[in-house]
Visitor: 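My questions will all concern the structure given below.
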Amino acid sequence: FPVTIQPLTSDNGIQGTWTPQPNNTTTTQYIFSPQDACATTSAITIQIQDQLIPVFDFPTNYCLGASIPPLPNTSINGITGSWTPEINSIATTEYLFTPGNSSCAENFVITIHIQLAGCTDSLACNFNPNAICDDANCTYPDCLDSLACNFNPIATCADSSCVYPP
């Protein structure tokens, strides 16, 4: 927050000037020098605190449609605030954490990535090379020939494992 110039008239009506010029990067002592020779100088120190950066530790990758828990309203370093927008489990979304008014903290932005779910086993019939999350629905090859001894009626893709009667 910028440091503003103090009023040029004191609470009891004495006019004067402040030195040095406002500085919002470091703690500074400011001196009020009255124009009235009978008045005394006055000093005030304005302390500048570093803005705090909220720290969070939660997963940022979820599978499409997965249940995403609510984002925490208190950071690891004790900063309270709120998040916008609402949780979205079907699209990658950027979330903004806005600290409460009593905090000297910065806003914080994080992206939660929604990953494509599918079969990630390259040996499966329905392998999806674009899937990041395994959906536990992989199907594996087997013999599909009903004339074979080892015919598997629930197989979804054929391999060369069929064994035939002599």
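One-based numbering along the sequence shown.
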Visitor: Suppose we screen for side chain to side chain contact (heavy atoms under 4.5 Å, CB included). Which residues come up paired with Phe56, at least two apart in sequence or across chains?
Guide: Pro54, Phe58, Pro72, Ser75, Trp83, Phe97, Phe108

Visitor: Is there a donor-acceptor pair closer than 3.5 Å between any side-chain N or O of Thr25 and the backbone N or O of Asn23?
Guide: no

Visitor: Other residues, nucleotides and ligands only: do more than 12 of their heavy atoms fall within 6.0 Å of CG on Asp11?
Guide: no

Visitor: So Leu96 and Asn107, side-chain contact (heavy atoms from CB on, under 4.5 Å) or not? Walk me through it.
Guide: CA-CA 7 Å; Leu96 171 67; Asn107 288 348; 3.7 Å; yes

Visitor: Side chains of Asp145 and Tyr164: is there a donor and an acceptor less than 3.5 Å apart?
Guide: yes

Visitor: With rounding to the nearest 0.5 angstrom, report the CD to CD distance, Gln29 to Gln47.
Guide: 13.0 Å

Visitor: Please round to the nearest 0.5 Å and tell me the distance separating atom CG of Asp121 and atom CG of Asn137.
Guide: 12.5 Å

Visitor: Can you measure from CD1 (Ile79) to CG (Leu52) and round to the nearest 0.5 angstrom?
Guide: 4.5 Å

Visitor: Which atom names give the shortest non-hydrogen contact between Ser89 and Ile68, and what distance separates them?
Guide: CA-CD1, 3.8 Å

Visitor: Which heavy-atom pair separates Leu123 from Pro141 by the least distance, and what is that distance?
Guide: O-CD, 3.7 Å

Visitor: Do you know which two heavy atoms are closest between Leu8 and Thr17, and how far apart they sit?
Guide: CD2-CA, 4.4 Å

Visitor: Do Glu94 and Val109 have side chains that get closer than 4.5 Å, going by heavy atoms?
Guide: yes

Visitor: Does any non-hydrogen side-chain atom of Cys125 lie less than 4.5 Å from one of Tyr140?
Guide: no

Visitor: Looking only at heavy atoms, what is the nearest atom pair of Glu106 and Pro99, with distance?
Guide: O-CG, 3.2 Å

Visitor: Examine distances only and state if a side-chain atom of Asn73 and a backbone atom of Thr80 form a donor-acceptor pair shorter than 3.5 Å.
Guide: no

Visitor: Can you confirm whether Thr27 sits close enough to Ile46 that some side-chain heavy atom of one is under 4.5 Å from a side-chain heavy atom of the other?
Guide: no

Visitor: What do you reckon, Cys138 and Cys119 SGs under 2.5 Å?
Guide: yes

Visitor: Within a strict 4.5 Å, meaning less than it, do heavy atoms of the Thr93 and Ile112 side chains meet?
Guide: no

Visitor: Might you point out which heavy atoms bring Asn88 and Ile90 nearest each other, and give the distance in Å?
Guide: OD1-N, 2.9 Å

Visitor: Going from CZ on Phe151 to CG on Leu144, what distance comes out if it is rounded to the nearest 0.5 angstrom?
Guide: 7.0 Å

Visitor: Answer yes or no: is there a donor N or O on one side and an acceptor on the other, between the side chain of Ser161 and the main chain of Asp159, under 3.5 Å?
Guide: no

Visitor: Looking at every heavy atom in both Asn150 and Cys162, which two are closest together, and how far apart are they?
Guide: OD1-CA, 3.3 Å

Visitor: Test Thr120 against every option in Asp134, Asn130, Ile132 by the side chain to side chain contact (heavy atoms under 4.5 Å, CB included) rule and name the one that passes.
Guide: Asp134

Visitor: Is the distance between the ring centroids of Phe32 and Trp18 less than 6.0 Å?
Guide: yes

Visitor: Do Cys143 and Val163 touch side chain to side chain, with heavy atoms closer than 4.5 Å?
Guide: no

Visitor: So Leu116 and Cys133, do their side chains get closer than 4.5 Å, heavy atoms only?
Guide: no

Visitor: Using only atom types and a distance under 3.5 Å, with no angle test, would you say the side chain of Asn152 pairs donor to acceptor with the backbone of Asp142?
Guide: no

Visitor: With a 4.5 Å cut-off on side-chain heavy-atom distances among I, L, V, M, F, W and Y, is there a chain of contacts connecting Ile76 to Ile53?
Guide: no

Visitor: Taking Asn77 for the side chain and Val55 for the main chain, is one N or O donor matched with an acceptor at less than 3.5 Å?
Guide: yes

Visitor: If I take atom CG from residue Leu64 and atom OG1 from residue Thr92, how far apart are they, to the nearest 0.5 angstrom?
Guide: 9.5 Å

Visitor: For the residue pair Ile31 and Ser42, establish whether any side-chain heavy-atom pair is separated by less than 4.5 Å.
Guide: no

Visitor: Can you tell me how far OG1 of Thr74 sits from CG of Leu71, rounded to the nearest 0.5 angstrom?
Guide: 12.5 Å

Visitor: Are the side chain of Thr9 and the backbone N or O of Gly13 linked by a donor-acceptor pair below 3.5 Å?
Guide: no

